Amino acid sequence: MKKLRMLALLLAFALFLLGGGIVAQATGMTMDEKVVGETVTNDGEDFIVDEISDLEDVNATTGTLDTSDEVEVDLSGLTIENEEAVLTPGLKTIFGGDGRKLVTNTTQYPYSTSAYLVMEFPNGKTYIGSGQVIGKDSVLTAAHCLYGKKDGGWAKKVTVYPGYNGTKAPFGTAKARKMYVPKEWTKKEPSTEDYGVIKLDKNIGTKTGTLGLTTNTSGAITISGYHGDKKGKLYTQTGNISQVTANNVFYRLDTTGGSSGSGVYNSKKQILAVNAYEYLNGTGDNFGTRITKEKLNNIYTWAFDNNLSVSKQKGINYELHVQSKGWMGNVANSMTSGTVGLGLRAEAMKISLSGMPYSGDVQYRSHVQGSGWQGWFKNGEISGTRGQSKRLEAFQVKLTGNMAKNYSVQYRAHVQNKGWQSWVKDGATAGTTGESLRIEAVQMRLVAK
């Protein structure tokens, strides 16, 4: 668990403010603003998760609880460091009598979904942590279990032991093949963004079962994790939430270093927060990163590979609806949407901006077979037609607000019998009118002024 010396931090911040350390002006632009859905991976990917408009809470599932892959685990040769560097009784937060209870049967659901993590970092240090199986090959944990600036960045190796009982891994072991965290975590490591997903090299979740996900913070909560002072044994405790803020959930459940990443879950076995922080010596309630609608969207996308192929990138994003193929999938920044050489008509389009530092919209309209110019649409709305077998013949795109002051939008069309046209910009017409020729593909880009 990361420890927060809140009084000192607040005092330092107050002195900073009184000393004139912050000067803000109301402008059309915010500096270094967090971008919703912005994601990074240990593979070097940097992208923006698209919003899933109809996403609802995720239900828990029970697994086969098959223990045929059980293995003995000997960690005695590892030099494991607690997140506070040295584990001592003074660096834990226990409220009164210790309320944590030993889980004697870790193959029983939902304890089967609790995972003991061993993380090896570039600086040579090895840490323990906790996680929760949420998909057949996915584990939810704290971002600081996967990425830490002080430890050299991304963990080099993460080994996962679901249902570990201190000597055996009843469902076998798995290794991280990919890791996701919010980009904001890699920049500032704020407690509001301390969550991440591990993709595993095997479908171990079919055996362990999975916990669900929810944005609902009502009712009793449970934490089942691998606390550093419990030497690899799984302990659990149920209690109540003491406070909920926009991005954190607070509780007076007993936690120590090593339980970071365990899910804070409700009676329906749905995770509503990721356990991550304790106050030093009980000076405040322990707390975790709350699963908000945005975080649920990110976690769902990372864990279930949902919509990753069409996730938005920073810049201008666009997608064509093509004859007999439907929506082609999101592309961005000069990439081709549509088809070339197949003789298929484009019928509709969607255009949007993502991750830009200025306010303003992208607006666009289409010239449609038999109808002429349609009205203007913006920010991902559908322009054109579907299900009417009508071709797109031309289109125009423009920016508004501070985006228009700082960028030009350039675009071009691949037209029937003509091929790629030259680039045009800022409201000019791409394609043709009055020639009955179909648009087959498009490319778009932003150019700074």
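Keep in mind the model is a prediction, meaning the values are calculated, not measured. All values below were derived from every heavy atom in this structure, side-chain atoms included, with hydrogens, water molecules and symmetry-related copies excluded.
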Is the closest side-chain donor-acceptor distance between Asn317 and Ser354 under 3.5 Å? no

Assess the residue pair Arg177 and Asp137 against the criterion (salt bridge (charged side-chain N to carboxylate O under 4.0 Å, His left out)); give the C-alpha distance rounded to whole Å, side-chain angles, the decisive distance to 0.1 Å, and a yes or no.
CA-CA 10 Å; Arg177 62 177 175 84; Asp137 64 346; 3.0 Å; yes

Q) Taking atom types as modelled, is there a side-chain donor on Gln237 or Arg100 under 3.5 Å from an acceptor on the other? A) no

Which of Thr64, Asp69, Thr67 passes side chain to side chain donor-acceptor pair (under 3.5 Å) with Lys207? It is Asp69

Under 3.5 Å: donor-acceptor pair, side chain of Gln270, backbone of Val58:
yes

- [ ] Flag the pair Ile271 / Thr214 as yes when at least one side-chain heavy-atom distance between them is below 4.5 Å, and no otherwise.
- [x] no

Does CD belonging to Glu381 count more than 12 external heavy atoms closer than 6.0 Å?
-> yes

Tested for side chain to side chain donor-acceptor pair (under 3.5 Å) against His321, the lone hit among Glu347, Lys350, Arg386 is Glu347

Is the side chain of Thr245 donor-acceptor paired with the backbone N or O of Asn248 at a distance under 3.5 Å, no angle test? yes

Min side-chain heavy-atom separation Trp185-Thr39 under 4.5 Å
no

For this session: Taking atom NZ of Lys157 as the centre, report whether more than 12 heavy atoms of other residues, nucleotides or ligands fall under 6.0 Å from it.
Result: no

message: Could you check whether any side-chain heavy atom of Leu65 comes within less than 4.5 Å of a side-chain heavy atom of Ser112, counting everything from C-beta outward?
response: yes

Asp57 side chain near Lys268 side chain, heavy-atom distance below 4.5 Å | no

inquiry  = Does the plane of the ring in Tyr226 sit parallel, tilted or perpendicular to the ring in Tyr164? Use 30° and 60° as the thresholds.
reply    = tilted

Treating Ser242 as the side-chain partner and Phe250 as the backbone partner, does any N or O pair qualify as donor plus acceptor under 3.5 Å? yes

Next on the checklist: Checking Thr61 against Thr210: is there a side-chain donor and acceptor pair closer than 3.5 Å?
Outcome noted: yes

Just checking, is any N or O donor in the side chain of Thr255 or Asn286 under 3.5 Å from an acceptor N or O on the other one?
-> yes

Note: Ser224 and Leu234 closest approach over all heavy atoms is C-CD1, 3.8 Å

Practice item. Check the pair Ser352, Asn379 against side chain to side chain donor-acceptor pair (under 3.5 Å), reporting the backbone distance first and the verdict last. Key: CA-CA 4 Å; Ser352 61; Asn379 302 338; over 6 Å; no

Note to self: Checking Asp74 against Lys168 for the salt bridge (charged side-chain N to carboxylate O under 4.0 Å, His left out) test, could you report, in this order, the C-alpha distance in whole Å, the side-chain angles of both residues, the deciding distance, and whether it holds?
What the structure shows: CA-CA 8 Å; Asp74 181 9; Lys168 295 180 180 179; over 6 Å; no

Are the side chain of Thr400 and the backbone N or O of Asp361 linked by a donor-acceptor pair below 3.5 Å? yes

| said: Between Thr289 and Asp194, do the side chains contain a donor N or O and an acceptor N or O under 3.5 Å apart? | reply: no

Between Asn275 and Gly261, is there a donor-acceptor pair closer than 3.5 Å when you use the side chain of the first and the backbone of the second? no

So, Tyr127 versus Asp151: side-chain donor-acceptor pair below 3.5 Å or not?
yes

Checklist entry - Please walk me through it: do Thr192 and Asn247 pass side chain to side chain donor-acceptor pair (under 3.5 Å)? => result CA-CA 5 Å; Thr192 57; Asn247 287 288; 5.3 Å; no

In terms of heavy-atom contacts, Phe171 and Pro162 come closest through CD1-O, 3.6 Å

**OP:** Kindly say whether Gly380 contributes a backbone atom to a donor-acceptor pair with the side chain of Tyr364 at under 3.5 angstrom?
**Re:** yes

Open item on the list: Looking only at the aromatic ring of each residue, does the gap between the centers of Tyr251 and Phe287 stay below 6.0 angstrom?
Closed with: no

task: Go through the side-chain N and O atoms of Ser114 and Gln132 and say whether any donor and acceptor fall under 3.5 Å apart.
output: yes

Asn266 side chain to Lys269 main-chain N or O, any donor-acceptor pair under 3.5 Å? yes

request  = Answer yes if the side chains of Ser262 and Ser130 hold a donor-acceptor pair under 3.5 Å, and no otherwise.
outcome  = no

- Query: Strictly under 6.0 Å, is that where the ring centroids of Tyr195 and Trp302 end up?
  - Reply: yes

Query raised in the report: So, the side chain of Glu319 versus the backbone of Gly329: is there a donor-acceptor pair under 3.5 Å, distance only?
Result: yes

query = Under 4.5 Å between any side-chain heavy atoms of Tyr235 and Val103, yes or no?
reply = no

Q. Any sub-3.5 Å donor-acceptor pair from Glu189's side-chain atoms to Lys149's backbone N or O?
A. yes

Go through Asn165 and Thr106 one step at a time and tell me if the side chain to side chain donor-acceptor pair (under 3.5 Å) criterion holds. CA-CA 6 Å; Asn165 63 13; Thr106 60; 4.6 Å; no

In Val133, Leu146, Ile134, the residue satisfying side chain to side chain contact (heavy atoms under 4.5 Å, CB included) with Ile198 is Leu146

Under 3.5 Å, is there a donor-acceptor pair between the Thr113 and Thr208 side chains?
-> no

Tyr265 and Leu211 have their tightest heavy-atom pair at CD2-CD1, 3.6 Å

- request: Would you mind reporting whether Trp154 and Met179 have side-chain heavy atoms less than 4.5 Å apart?
  value: yes

Original post:
Cut-off 3.5 Å, side chains only: do Thr336 and Gln443 have a donor facing an acceptor?
Top reply: yes

For this session: State, yes or no, whether a side-chain contact exists between Met444 and Ile351 at a heavy-atom distance under 4.5 Å.
Result: yes

Q.
Tell me whether Asp43 contacts the main-chain N or O of Glu45 through its side chain, where contact means a donor paired with an acceptor under 3.5 Å.
A. no

* To do: Please check if any side-chain donor atom of Ser138 sits under 3.5 Å from a side-chain acceptor atom of Lys199, or the reverse.
  => yes

If you define the side chain from C-beta out and look only at heavy atoms, does anything of Lys233 sit under 4.5 Å from Leu102? yes

